[in-house]
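Contents: one structure, followed by commentary.
Everything quoted here is computed from the prediction, not taken from an experiment. Sequential numbering from 1 along the given sequence is applied to the chain's residues.
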Amino acid sequence: MCIICNQENLDGLLEIDCTYCPNVTDIPLIHGLQELRCSSCPLLHNIPHIDGLQILFCSDCPLLTNIPHINGLQILDCSYCPLLTNIPHINGLQTLYCSYCPLLHNIPDINGLQELFCSDCPMITNIPLI
């Protein structure tokens with residue numbers, strides 16, 4: 001079973017990879033976490049605002065509807081999230097993967113964004129300047 005399913009206090013961890021964990025519904029608030037990989041978790045519906053998080057991979061989570069606004073986040077992969085409708089304006093975000101999100105309707109103009117992957121997002125009508 002996944003560590004997140006069994007533990008309550010995970011403060012101090014720098015990186016968590018719970019990819020493909022079938023039982024994770026929520027990610028706990030983990031102070032000091034820098035990298036979170038929670039892709040392909042079929043029951044995941046919430047990711048908290050984690051100050052200091054730099055890398056977030058949450059692709060292919062069919063119940064995820066919201067990406068939290070996390071200052072300092074550098075890499076975000078939220079591709080293949082069919083219920084995701086919006087990407088928050090995250091200053092400092094350098095790489096954004098948001099392909100195959102059919103309800104995503106807006107990508108904000110993020111100062112510093114260097115890479116954007118947004119193929120097969122039929123609701124997006126404008127691509128921000130990079």
Side-chain angles (χ1 to χ4, degrees):
M1 185 172 277
C2 176
I3 188 173
I4 290 183
C5 299
N6 290 330
Q7 301 292 322
E8 290 183 18
N9 186 358
L10 300 172
D11 289 349
L13 287 176
L14 298 178
E15 180 179 334
I16 288 183
D17 186 343
C18 59
T19 302
Y20 297 108
C21 185
N23 298 319
V24 171
T25 58
D26 292 284
I27 301 294
L29 180 60
I30 304 168
H31 298 286
L33 190 66
Q34 295 177 2
E35 184 172 334
L36 174 59
R37 295 176 182 267
C38 54
S39 297
S40 301
C41 294
L43 300 179
L44 180 66
H45 59 81
N46 185 40
I47 297 172
H49 174 96
I50 302 172
D51 282 330
L53 191 66
Q54 298 171 11
I55 299 170
L56 174 57
F57 286 93
C58 56
S59 63
D60 195 26
C61 293
L63 299 180
L64 191 63
T65 60
N66 184 36
I67 301 294
H69 181 269
I70 302 172
N71 283 326
L73 192 65
Q74 297 170 9
I75 300 172
L76 172 60
D77 183 352
C78 56
S79 299
Y80 295 95
C81 292
L83 299 180
L84 189 65
T85 59
N86 192 29
I87 302 290
H89 187 275
I90 302 171
N91 286 328
L93 190 65
Q94 297 170 4
T95 303
L96 174 58
Y97 299 92
C98 58
S99 297
Y100 303 99
C101 295
L103 298 181
L104 185 63
H105 57 82
N106 183 33
I107 298 173
D109 187 11
I110 300 171
N111 190 19
L113 190 64
Q114 298 170 7
E115 296 181 284
L116 173 62
F117 302 89
C118 59
S119 60
D120 204 14
C121 296
M123 301 293 286
I124 294 176
T125 58
N126 293 319
I127 302 294
L129 294 175
I130 296 178

Query raised in the report: When hydrophobic residues are tied together by side-chain contacts of less than 4.5 Å, even through go-betweens, does L33 share a cluster with I90?
Result: yes
Report summary line: To the nearest 0.5 Å, atom CG of L14 lies from atom CG of L36 at 12.5 Å
Requested in this report: Drop me the distance from E115's CD to T95's OG1, to the nearest 0.5 angstrom.
Outcome: 4.0 Å
Query - Inter-residue atom distance C101.SG - N86.CG, 0.5 Å rounding - result: 11.5 Å
Query - Heavy-atom side-chain contact between I107 and L116 under 4.5 Å - result: yes
Query raised in the report: Heavy-atom distance under 4.5 Å between the side chains of V24 and L43, does that happen here?
Result: no
Requested in this report: Go through I75 and L56 one step at a time and tell me if the side chain to side chain contact (heavy atoms under 4.5 Å, CB included) criterion holds.
Outcome: CA-CA 6 Å; I75 300 172; L56 174 57; over 6 Å; no
Query raised in the report: Considering only heavy atoms from C-beta outward, does the side chain of T19 approach that of C41 to under 4.5 Å?
Result: no
Query - Between CD1 on residue I55 and CD on residue Q94, distance to nearest 0.5 Å - result: 10.0 Å
Query - Side chain H69, main chain H89, donor-acceptor under 3.5 Å - result: yes
**Report entry** Heavy atoms of other groups near F117 CZ, more than 12 under 6.0 Å
**Finding:** yes
Query raised in the report: Would a hydrophobic clustering, with Ile, Leu, Val, Met, Phe, Trp and Tyr connected at side-chain separations under 4.5 Å, put I124 with L93?
Result: yes
Query raised in the report: Could you give the distance from SG (C118) to OH (Y97), rounded to the nearest 0.5 Å?
Result: 12.5 Å
Query - Closest approach of C98 to C121 (non-hydrogen atoms, all atoms of both residues) - result: O-SG, 3.0 Å
Query - Under 3.5 Å: donor-acceptor pair, side chain of H45, backbone of D26 - result: no
Query - Residue from L84, D77, I27, L76 passing side-chain contact (heavy atoms from CB on, under 4.5 Å) with C58 - result: L76
**Report entry** Working for side-chain hydrogen bond (donor to acceptor under 3.5 Å, both in side chains), residues D60 and S40
**Finding:** CA-CA 5 Å; D60 195 26; S40 301; 3.2 Å; yes
Report task. Work out which heavy atom in P88 is nearest to a heavy atom in P68; give both atom names and the distance. Result -> CG-O, 3.6 Å
Requested in this report: Might you confirm whether atom CG of N91 has over 12 heavy atoms from other residues, nucleotides or ligands at distances under 6.0 Å?
Outcome: yes
Requested in this report: Give, for atom CD of Q54 and atom CD of E15, the distance between the pair rounded to the nearest 0.5 Å.
Outcome: 11.0 Å
Query - Non-hydrogen atoms of C38 and C18 that approach each other most closely - result: CB-SG, 3.6 Å
Query raised in the report: Given I30 and I16, is the side chain to side chain contact (heavy atoms under 4.5 Å, CB included) satisfied, shown in steps?
Result: CA-CA 10 Å; I30 304 168; I16 288 183; 3.2 Å; yes
Query raised in the report: What heavy-atom pair brings M123 and P102 nearest, and what distance separates the two atoms?
Result: CG-O, 3.0 Å
Query raised in the report: Does F57 share a hydrophobic cluster with I87, counting links as ILVMFWY side-chain heavy atoms below 4.5 Å and allowing steps through other members?
Result: no
**Report entry** C61 to P82 - nearest heavy-atom pair and separation
**Finding:** O-CD, 4.3 Å
Report task. Mark yes or no for whether D120, through its side chain, and S99, through its backbone, hold a donor-acceptor pair below 3.5 Å. Result -> no
Query raised in the report: Linking I/L/V/M/F/W/Y whenever their side-chain heavy atoms sit closer than 4.5 Å, directly or via other members, would L44 and L83 fall into one cluster?
Result: no
Query raised in the report: Judged by modelled atom types alone, do S59 and S79 share a side-chain donor-acceptor pair under 3.5 Å?
Result: no
Report task. Quick one: do L29 and I50 satisfy side chain to side chain contact (heavy atoms under 4.5 Å, CB included)? Show the steps, please. Result -> CA-CA 6 Å; L29 180 60; I50 302 172; 4.1 Å; yes
